[in-house]
Each structure stands twice: as C-alpha cells, then as structure tokens.
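Structure first, then comments.
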Amino acid sequence: MDHFLYRDGVLHAEDVPLAEIARAVGTPFYCYSTATLTRHFRLFDEALDGMEHLVCYAMKAASNQAILRTLAGLGAGMDVVSGGEYMRARAAGVPGERIVFSGVGKTRDEMRLALEGGIRQFNVESEPEMRALSEVAASLGVVAPITVRVNPDVDAKTHAKIATGKSENKFGIPISRASAVYAEAAALPGLEVIGIDVHIGSQLTELEPFRQAYQKVADLTEELRAEGHDIRRLDLGGGLGIPYTRSNEAPPLPTEYGALIRETLGHLGCEIEIEPGRLVAGNAGILVSEVIYVKEGEGRDFLILDAAMNDLIRPAMYDAHHDIVPVVEPAPGVEQTPYDVVGPVCESGDTFARGRMLPPLAEGELVAFRSAGAYGAVMSSEYNTRPLIPEVLVNGREFAVIRARPTFDEMINRDTIPEWL
Ligand SMILES: *Cc1c(COP(=O)(O)O)cnc(C)c1O
C-alpha cells in the first residue's frame, strides 16, 4: 500500500497534487511519501515485536538525508556499504551503535572511519577482509565487533544481477567453511565475534529461499556455539520484494516474514537484525516526468519523455518493469494504445517500456513511474550532461525539495582545467 492515489481526477502524493509539485520544481523529479516510508518501516518493526531486534534500513536503496532522518526518527538503524554511506548516516543523526557496515570490499580507510566514529558491527565477507580489519582495529587500540557473512548456497529465485546467496556469487564465505573461518576470527586480536550475517538477494517474491537460508543459519548457530563462540546476534539481511505491478501476485508481507524468522530462529534467543531497503523505500517513491513529444512509429507510437535512463536505470539494467500512469486520471473506459516509452538519451537502451498500453497522451502531459523510490535516485547519473533530478519529500499537505536540481554552471564548474590548457 502506498499514498499515491487519484483524488479529484489528479494523482496525489498524500495530500499534495503532483501537478502542483511539477509547477514548483519542474520535471522530471522524484517524489517520496513520508506516510509510506513510515508505514513500511513500522511493518518490519512490528513484525519482530517480542524479539530483541533492530531494523537497519539498507540505505543504498534511497539515501537522501531527509529520508534517513525520517526513518532514524522512527528508531531505524542503518545498513551501510561504503564510507560515504557511513558519513551520510552519521550526518542524518544516526549514532554509530545503530550502524552496521556491510559490503564485500571495505577498504582500510573505511574501516578506520567507522571504528573511530563508532559502529555497531562489521559484517565481514572474507578472510582477507577479516585479517585487515583486525589489523586496523589493533592499530587503533580497539576491538571490532563482527559477524561473518555466510553464503548459504540457496537460490533466491530473483534476477541474476541481484541474487547474492548462491556459491557462484561474490558475497560471503561458503557456509561449509564457516567453522574454520570463525575459529580464525576468534583468534585474531582485533576482532570480537558476536554473530552471523546472511543476505541472499533482493526482490525476493517467495519466503521459501529465506526459510532455507535461515534454517542453515539456525544450524550454524548451534554448531558455532558448540565450538565455543558466543553467537548472540543474527543479521538476516534484506531482500523482501515489492509488487511492481498491481496485477502480479503479491510478495509475502513483512508480518509473514517476521513469523518465519520467529519460527526458524526464535528459539535461539539471539538479537535479530534485518536490513530491508527496497520494501521500505520502493513504493514510497515515484518519478514524475513530462511528455516532450509523441512520435509516430511503425505499429506503435513513441512516447518521448523528459526522464531518461540516467534518471531511472532499472529498466535498462534489470529489465525492470515500472507501472506508468498519467498524472491526470484517465476517463473511465478510455481506449488504451500501445506506446514505446523512451527517454532522450542517445542509447537504444534508454527505453522504459515497449508496447505499453496507456491512455492517449499528448505533449506537455505528466506521467508517473510507480515504485521508483528504491534504487532510483541513488543510481542516477549525469550522463548526457543531464542534471541530477530533484528529490521532493511530501508530508501530509506539505512538500519540500530535499535535493535541488543543479544548474548547468554548477555541473560544468565541477570540472577543473589543467594549467597547460
Ligand atoms: C542491498 C542489500 C540489502 C537491501 O536489500 P533490499 O532488497 O533492498 O531489501 C540488505 N543487505 C545487504 C548486505 C545488501 O547488500
């Protein structure tokens, strides 16, 4: 459920008509709903009620300071995957003890940054990383709390580019080697082993892969405890999928996911962490764009928008589907026609949808891409020297620009000219 609904014939974000935001900031722009972000975070938090837990929002999904502040205010921790994200989380007021550091290639500088600034735990993904972290921590005279990310070799049944829990993926250590890796970790002077981490992929639409992974984590917990490790925290990753179309079958709900966690891991008495990103932010954001031209093609027309693949790369990168809806509600029963929906960038890959059935649209009309809140703005670029598009946050009847569109001068002046030119 989200808070982007038609009211009086116009698509609204909560209580604000999108046309009003378009007039104020220009198109294209991202628009997020505070009520939806709040609702989704609380669904996870409540799903783990009764178990000691922390929901660490995977901020790589959408990392604007205003979004982080909104979630931090609800008690969210953060899952970060770079030094930059760590600094962003801190700048948004998230204390170090609520930040977990994930990622397969943490540098020593990033480790130092987090150890000096304060960190809840590192989710370590390899033996070389483990040794490096121990050295960095020891050189600072501190001990780094760690979990080891295990790769449970389960098929997450999701798009290949976002599956992370099979043995051929680069993530984590094979679960079969966990015992040896934990033994080495326990012997390293700069580390304190506190738990186990697992994250098997993104946009999972079934619970079964989670069940398989979590059962393996439960078994591993008992095994490692028997070997003398004090396993007291389980980080279960993120990955619960969202409905990208309103017709397709609904992915599991956070309540069902919470029940699965209780069932597979509840008896172990561990503190539970989860790291949802997409489900918190995905349906809490849309991308609003204007039709520049309607160009006649053979068999179908091209809807040329002012948004492009540099603003929303998911269709080009993951063959992702986004529902596209007109901002002005179509009259009931209006006949739909097929459009190829494209952007202005000089690449054939700059195609959002082919043969998409839409009500007739004309130049100057606004459309909204639904479910664009996660892995949208954060993956955007300035390819073709197209300015990063603004982000807007709505809260009831209020809205605010939370990232402004840069001017051309601002973009150009980021370059510097060497002396010899
Ligand atoms: C990307 C990522 C997540 C979030 O995944 P979602 O599908 O957005 O919920 C969580 N944990 C780790 C380690 C990740 O890399």
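Just so you know, ligand 1 is whichever comes first in the structure, and atom 1 is the first atom listed for that ligand.
The proximity of D79 to ligand 1, defined as any non-hydrogen pair under 4.0 Å, is limited to the side chain. Only the side chain of H199 comes within 4.0 Å of ligand 1, counting heavy atoms alone; its backbone N, CA, C and O stay farther away. With a heavy-atom cut-off of 4.0 Å, A61 does not touch ligand 1 at all.
Which parts of ligand 1 touch A58 is read off a 4.0 Å heavy-atom cut-off, strictly below it: atoms 3 (C), 4 (C), 10 (C). Atoms of ligand 1 found under 4.0 Å from any heavy atom of P276 (numbered from 1 in listed order, with element): 9 (O). Shown in contact with S102 at under 4.0 Å from a heavy atom are these atoms of ligand 1, numbered in order with element: 13 (C).
Of the candidates G241, G282, G172, S202, it is S202 that places a heavy atom closest to atom 7 (O) of ligand 1.
Aromatic ring orientation, F210 versus Y214: tilted (interplanar angle from 30° to 60°). Aromatic ring orientation, F369 versus H322: perpendicular (interplanar angle above 60°, classes split at 30° and 60°).
At a 3.5 angstrom cut-off on N or O pairs, V81 does not count as close to ligand 1. Ligand 1 has a nitrogen or oxygen under 3.5 angstrom from a nitrogen or oxygen of Y375.
Among all non-hydrogen protein atoms, the one lying nearest atom 13 (C) of ligand 1 is E275 OE1, 3.5 Å. The closest protein non-hydrogen atom to atom 15 (O) of ligand 1 is K60 NZ, 2.8 Å.
A donor-acceptor contact shorter than 3.5 Å links the side chain of E14 to the backbone of T34. At distances below 3.5 Å, not a single donor-acceptor pair connects side-chain atoms of N169 with backbone N or O atoms of F171. Between the side chain of R149 and the main chain of H199, a donor-acceptor pair closer than 3.5 Å is present.
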### Query
Stepwise, does the side chain to side chain donor-acceptor pair (under 3.5 Å) test hold for Y244 with Q203?
CA-CA 10 Å; Y244 276 97; Q203 186 54 17; 4.7 Å; no
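Annotation for I162 and R278: closest pair CD1-NH2, 3.8 Å, computed over non-hydrogen atoms.
A donor-acceptor contact closer than 3.5 angstrom links the side chains of D306 and S289.
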